[in-house]
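One structure below.
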Amino acid sequence: QVQLVQSGGGSVQVGGSLKLSCEVAGLSLRSLCMSWFRRVPGKEREGVAAIGSDNIVRYADSVKGRFNISRDNARNTLYLEMNNLKVEDTAMYFCASRGGAWYGIPPLTDGTYGYWGQGTQVTISS
């Protein structure tokens, strides 16, 4: 059974930085396709960043150049480093796993991910 346990998040001002973590239990992170999504009340869940089994990454246009997705296989932990944060980045953030491998450009559609973290709130104030 795959479990994703998130930590990090919180509140910062515009231009600040935050780092989210997602510890994976039940599978080795090394070969997994992983991603980060976010959801704002009243809107659909949005794919933010993904990393494939071969470490090819993909970002939503809204976060390119500001967010960085990475993995630490020794810690079985996925990260999302968020810099130059904007008010519109305010959302509940979720990590997700396909539960298996994906080679090439990883997907950013939530229907392709079967395992989800519990979510963590990120609030950016002006």
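All heavy atoms count here, side chains included; hydrogens, waters and symmetry mates do not. Nothing here was measured: the structure is a model prediction, and the numbers come from that model.
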Side chain to side chain, Ser62 and Glu46, heavy atoms closer than 4.5 Å = yes

message = Rounded to the nearest 0.5 Å, what separates atom OH in Tyr115 from atom SG in Cys95?
response = 13.5 Å

ask   = Hey, any chance Leu85 and Val87 share a hydrophobic cluster, counting ILVMFWY side chains that come within less than 4.5 Å of each other, even indirectly?
value = yes

key: Expected output: side-chain Arg58 to main-chain Ala50 donor-acceptor under 3.5 Å   = no

ask   = Going by heavy atoms in the side chains, are Ser97 and Val24 under 4.5 Å from each other?
value = no

request  = Please confirm whether the backbone N or O of Asn84 pairs with a side-chain atom of Arg66, one donor and one acceptor, at under 3.5 Å?
outcome  = yes

key: Side-chain heavy-atom pair Trp116, Asp110 within 4.5 angstrom cut-off   = yes

inquiry  = Are Tyr93 and Tyr79 connected into the same hydrophobic cluster when the rule is that any two of I, L, V, M, F, W, Y join if their side-chain heavy atoms are below 4.5 Å apart?
reply    = no

task = Compare every heavy atom of Phe94 with every heavy atom of Gln118, then report the nearest pair and how far apart it is.
result = O-CE2, 3.9 Å

ask   = Can you check whether Pro107 reaches Ser35 side chain to side chain, under 4.5 Å on heavy atoms?
value = no

inquiry  = Measuring from atom CD1 of Ile69 to atom CE of Met34, what distance do you get when rounded to the nearest 0.5 angstrom?
reply    = 7.5 Å

key: CD1 (Ile56) with more than 12 external heavy atoms under 6.0 Å   = yes

ask   = Would you call Glu81-Lys19 a salt bridge at under 4.0 Å N-O?
value = no

note = Rounded to the nearest 0.5 Å, the CD atom of Gln3 sits from the SG atom of Cys22 at a distance of 11.0 Å

ask   = Roughly how far apart are Cys33 SG and Asp54 CG, rounded to 0.5 Å?
value = 9.0 Å

message = So which atom in Leu20 and which in Thr120 form the shortest heavy-atom distance, rounded to 0.1 Å?
response = CD2-CG2, 3.9 Å

task = Decide whether Leu4 and Trp36 are clustered together by the hydrophobic rule: side chain heavy atoms of Ile, Leu, Val, Met, Phe, Trp, Tyr closer than 4.5 Å, transitively.
result = yes

task = May I ask you to decide whether Asp61 forms a salt bridge with Lys64, counting only side-chain N to carboxylate O separations under 4.0 Å?
result = yes

remark   = Taken in chain and number order and not counting sequence neighbours, the residues that satisfy ring pair (Phe, Tyr, Trp, His ring centres under 6.0 Å) with Tyr113 are Phe37

ask   = Between Asp72 (side chain) and Thr77 (backbone), is there a donor-acceptor pair under 3.5 Å?
value = no

task = Taking all heavy atoms of Val122 and all of Met82, pick out the closest pair and write down the distance.
result = CG2-CE, 3.8 Å

query = Leu80 versus Asn68: any side-chain heavy-atom pair under 4.5 Å?
reply = no

ask   = Does atom OH of Tyr59 have more than 12 heavy-atom neighbours from other groups under 6.0 Å away?
value = yes

remark   = Nearest heavy-atom approach of Ser70 to Leu78 is O-CD1, 3.3 Å

query = Around atom CD of Glu88, are there more than 12 heavy atoms of other residues, nucleotides or ligands at under 6.0 Å?
reply = yes

query = When rounded to the nearest 0.5 angstrom, what is the spacing between CG in Leu27 and CG in Leu29?
reply = 9.5 Å

task = Could you pull out the closest heavy-atom pair between Gly47 and Ala60, with the gap in Å?
result = O-CB, 3.3 Å

query = Are Val57 and Phe67 grouped together when hydrophobic residues (ILVMFWY) are joined by side-chain heavy atoms under 4.5 angstrom apart?
reply = yes

Atom pair CD (Gln6) and CD (Gln121), whose distance is rounded to the nearest 0.5 Å = 11.5 Å

message = So Ile124 and Lys86, do their side chains get closer than 4.5 Å, heavy atoms only?
response = no

ask   = If you look at every heavy atom in Val63 and Val48, which pair is closest and at what distance?
value = CG2-O, 3.5 Å

ask   = What residues, two or more places apart in sequence or in another chain, satisfy ring pair (Phe, Tyr, Trp, His ring centres under 6.0 Å) together with Trp102?
value = none

